[in-house]
Amino acid sequence: AKPFENDVALKPEVAKPKLPPMFNVLLLNDDYTPMEFVVECIERFFNKSREQATQIMLKVHTEGLAVCGVYPQDIAETKMNQVLSYARDQQHPLQCVTEPA
Ligand code: TYC
């Protein structure tokens, strides 16, 4: 046999940093949820200051939606579900969704 004919070119293994895919959590505007309730949700579930939360709420109010935070998928979905169940408990129609960042 010729030398090297069975040799397989192996790619050198390189340690890649493993970053999880990230997901945006967005709030959607509606005509009924009180502004104060939305600000409280953003403070509580997305760990924002009152000033940051107010700015995000106003962006949702004027533009229809805004990103409240960016997280790995399982955390993003947990936050979305926390917002949805808190809003439902208080009888507000506030909607929250996730999407790939
Ligand atoms: N548009 C609502 C109002 O005028 C306020 C609001 C803001 C509702 C953000 C939902 O995600 C929302 N009371």
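Just so you know, ligand 1 is whichever comes first in the structure, and atom 1 is the first atom listed for that ligand.
- To the nearest 0.5 Å, atoms CG (D30) and NE2 (H61) are separated by 10.5 Å.
- The distance from atom CE of M80 to atom CG of N24, rounded to the nearest 0.5 Å, is 13.0 Å.
- Distances below 4.0 Å separate heavy atoms of M35 from the following atoms of ligand 1: 5 (C).
- If you check which protein heavy atom lies closest to atom 2 (C) of ligand 1, you get D30 O, 3.2 Å.
- Relative orientation of the F45 and Y86 rings is perpendicular, given thresholds of 30° and 60° on the angle between their planes.
- Rounding to the nearest 0.5 Å gives a distance of 10.5 Å between CG of L26 and NZ of K59.
- When heavy-atom distances to ligand 1 are checked against a 4.0 Å cut-off, L28 comes that close only through its backbone atoms N, CA, C and O.
- For the atom pair SG (C41) and CD (Q82), the distance works out to 10.5 Å, reported to the nearest 0.5 Å.
- The closest protein non-hydrogen atom to atom 3 (C) of ligand 1 is T33 O, 3.7 Å.
- There is a path of hydrophobic side-chain contacts, each under 4.5 Å, that joins I75 to I42.
- Contact annotation for V38 and ligand 1: only side-chain heavy atoms (C-beta onward) come within less than 4.0 Å of the ligand.
- In terms of protein heavy-atom proximity, atom 8 (C) of ligand 1 is closest to N29 OD1, 3.5 Å.
- Closest protein heavy atom to atom 9 (C) of ligand 1: V60 CG1, 3.5 Å.
- Among the candidates V97, V60, T33, L94, the single residue satisfying the side-chain contact (heavy atoms from CB on, under 4.5 Å) test with L28 is V97.
- Of all the atoms in ligand 1, the ones that sit under 4.0 Å from a non-hydrogen atom of L94 are 10 (C), 11 (O), 12 (C).
- Considering only non-hydrogen protein atoms, atom 4 (O) of ligand 1 sits nearest to H61 CE1, 3.1 Å.
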